[in-house]
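Values reported hereafter were calculated over all heavy atoms of this structure, with side chains retained and with hydrogens, waters and symmetry mates removed. Quick caveat: nothing in here was measured; it's all calculated off a predicted structure.
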Amino acid sequence: MLAEKKTRSLAAVVLAAGKGKRLKSSTPKVLHPLCGRPVLWHALQAARAAKPSKIIVVVSHGADEVIAAVKSWGISPSPVFVDQGRPLGTGHAVMAAEKAVGRAEEVLVIGGDYDPVTGAQIRQLLSVHRRTKSAASILTTDVAEPGGYARIVRDGTRLEQIVEGFDAPPALRALKEVSLLVFAFRREDLFKALPLVGRDNSQREYYLNEVFPILMDKGARVSALHVDVGGAMGANSRGGFAALSKALRRRINEEHMARGVALVDPDATYIDVDVKIGAETVVHPNTFLEGSTKIGAGCEIGPSSKLRDTTVGDRSVVQFSVTDTARIGRDATVGPFARLRPGTKLADRTRVGSYVEIKGSTIGEGSKVPHLSYVGNAVVGKDANLGAGTVTVNYDGYDKHETFVGDGARVGSDTMLVAPVRVGKGAVTGAGSVITQDVPAGALALERSEQRTVKGYRARKDAEGRKSKQGGH
């Protein structure tokens with residue numbers, strides 16, 4: 001009988017104490033949004049890919065705000081929080097987490113400002129770390145402008161030298177391979193080396209990177225695994241955020257295309273990390289799919305549309321439109337130039353056309369609001385038609401009121417439905433009517449003053465105009 005493979009206990013330490021001075025923002029750096037989620041959320045998802053037995057989040061600046069945000073995300077295992085106090089560098093942050101790490105055999109350290117590694121890359125790092133029996137292992141990548149990042153010299157997967165960019169000599173500063181803030185350690189080796197790290201550097205901080213030469217000087221193996229993260233590093237500046245966002249969006253778009261989604265121009269398509277899209281859906285350029293949006297199969301979305309927290313059923317079309325917290329059924333058409341505000345529910349086979357705004361309303365199956373209308377706080381039944389210029393007058397200056405339009409009703413163009421009001425099943429309203437009373441089922445409602453016709457009016461007005469001009473000379 002084969003012996004069972006022993007699973008090493010692993011603690012993940014996520015460093016979330018950075019202030020982000022270069023962002024010039026009152027929001028903690030790790031809570032800035034990145035593809036629909038705070039940047040720290042992405043870092044925690046990367047940590048979870050390693051299946052740690054515990055997650056420790058080291059906080060400092062904006063600690064209360066960061067802790068509240070992390071707790072709201074429902075991360076499992078539930079993170080433990082450690083306050084670093086005055087931040088004195090990455091090494092100092094990990095030292096603050098020693099007690100929380102406990103007796104875990106291995107420690108995974110990840111920067112909370114998120115170098116965009118994948119779960120597969122982290123698992124690969126741990127595999128190399130364990131296979132080579134290393135005291136420590138790091139992920140590295142190539143960047144076009146390495147700046148102050150730590151330069152790497154390695155032989156295969158064996159690290160030979162690591163030097164902080166600010167302190168590197170010119171020959172090393174020319175290198176493009178740098179360290180990502182994603183490290184694996186044997187716990188015992190890590191916390192024996194950390195007290196030996198000093199602050200004799202340009203930043204006067206305890207660099208976690210200094211642990212590696214200390215371990216190598218003792219004869220321990222340190223591994224370095226090179227990966228491709230799209231040329232972007234952590235979110236340390238507005239420009240860094242833009243580069244990080246671009247790299248992550250490219251990855252998101254590639255994953256959707258691999259599942260059968262057609263992106264006409266991936267570089268001009270902006271999809272958040274939580275968005276779901278069915279196969280054979282076509283997404284046209286300049287389209288933003290945000291939040292928890294879910295789109296069915298065989299749909300056509302865009303161009304120039306923005307859908308946030310919206311559900312779209314199979315085979316529906318949304319063009320040149322904006323939707324927010326809306327539900328769109330199957331085989332529906334929205335746009336061009338429509339706006340669906342929160343609480344909008346469109347049933348199957350509905351049509352919402354040009355320059356239509358709908359808010360807090362339900363449009364029944366097969367019903368149409370073709371153009372130039374506002375529908376608010378209304379319930380519209382099945383197979384009804386709201387003519388051009390229909391408005392539900394739902395606000396009296398104090399309260400919102402509801403409008404009900406029955407199945408098969410036909411509301412004439414330029415009708416004002418002054419809520420609260422009910423238009424019965426199969427009822428009809430005449431064009432240009434202001435409806436203030438309920439309309440019975442099958443009835444016609446007209447509200448219109450008698451037309452007055454003045455014969456010869458145009459000729460008289462033209463003559464008066466000529467006479468007036470002549471008198472002016």
Side-chain angles (χ1 to χ4, degrees), residues 10-21 29-30 40 43 46-47 52 54-61 63 66 80-102 104-115 117 125 129 134-140 146-152 159 161-168 172 178-218 220-224 233-234 236:
L10 174 70
V13 178
V14 181
L15 308 183
K19 189 174 182 180
K21 292 183 288 185
K29 175 171 68 171
V30 296
L40 178 57
K54 62 174 66 175
I55 296 175
I56 299 103
V57 179
V58 182
V59 298
S60 177
H61 174 71
V66 172
V80 175
F81 300 93
V82 173
D83 195 329
Q84 183 182 354
R86 180 190 172 197
L88 293 174
T90 52
H92 180 253
V94 175
M95 279 193 284
E98 181 176 6
K99 183 177 179 181
V101 167
E105 296 172 89
E106 297 176 330
V107 180
L108 174 69
V109 178
I110 294 180
D113 54 2
Y114 186 55
D115 292 331
V117 296
L125 173 69
H129 177 70
S134 296
S137 300
I138 67 178
L139 282 180
T140 73
Y149 293 117
R151 305 304 198 270
I152 297 296
L159 181 69
Q161 195 172 3
I162 178 171
V163 181
E164 289 292 331
F166 292 117
D167 304 309
L172 289 182
V178 300
S179 167
L180 295 163
L181 211 174
V182 181
F183 308 136
F185 298 95
R186 286 199 299 252
R187 176 190 54 79
E188 189 174 353
D189 291 296
L190 170 63
F191 289 112
K192 281 183 178 179
L194 273 173
L196 304 178
V197 173
R199 298 172 62 190
D200 186 19
N201 52 64
S202 60
Q203 302 296 304
R204 303 298 297 160
E205 292 183 345
Y206 297 100
Y207 293 150
L208 184 57
N209 285 341
E210 292 299 322
V211 167
F212 303 118
I214 290 172
L215 292 173
M216 288 189 291
D217 287 345
K218 293 179 178 294
R221 162 80 184 233
V222 176
S223 294
M233 297 284 283
N236 295 310

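Taken from OH in Y207 to CD1 in I162, the straight-line distance is 11.5 Å, to the nearest 0.5 Å. Atom CD1 of I214 and atom CG of N209 lie 11.0 Å apart (nearest 0.5 Å).
At least one donor-acceptor pair under 3.5 Å links the side chain of T90 to the backbone N or O of L208. When atom types are taken as modelled, the side chain of S179 and the backbone of T140 share no donor-acceptor pair closer than 3.5 angstrom.
In this pair, F212 and F185 present their aromatic rings parallel. The plane angle is below 30°, not in the 30 to 60° band.
Here the closest non-hydrogen pair linking R187 and G102 is CD-O, 3.2 Å. Contact detail for M216 and L159: the closest heavy-atom pair is SD-O, 3.2 Å. Residues K29 and D113 come closest through the heavy atom pair NZ-OD2, 3.2 Å. The shortest non-hydrogen separation linking A100 to V80 is CB-CG1, 4.4 Å. Nearest heavy-atom pair, A46 versus Y114, reported as atom, atom and distance to 0.1 Å: CB-CE1, 4.3 Å. Nearest heavy-atom pair, R221 versus S134, reported as atom, atom and distance to 0.1 Å: CG-OG, 3.1 Å.
Inter-residue side-chain proximity for L215 and R186 is flagged as unmet; no heavy-atom pair is nearer than 4.5 Å. Two residues are said to be in side-chain contact when any heavy atoms from C-beta on lie closer than 4.5 Å; V178 and R151 meet this criterion.
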Give the C-alpha distance, both sets of side-chain angles, the deciding distance and a yes or no for side chain to side chain contact (heavy atoms under 4.5 Å, CB included) between E98 and L194.
CA-CA 10 Å; E98 181 176 6; L194 273 173; over 6 Å; no
Pair I138-L180, side chain to side chain contact (heavy atoms under 4.5 Å, CB included): steps then yes or no:
CA-CA 7 Å; I138 67 178; L180 295 163; over 6 Å; no
Evaluation steps, side chain to side chain contact (heavy atoms under 4.5 Å, CB included), between V94 and F191
CA-CA 9 Å; V94 175; F191 289 112; 4.1 Å; yes
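Annotation for K192: atom NZ does not count as buried by contact number, only 12 or fewer foreign heavy atoms lying within 6.0 Å.
Exactly one residue among V13, V107, V101 makes a side chain to side chain contact (heavy atoms under 4.5 Å, CB included) with L190. That residue is V107.
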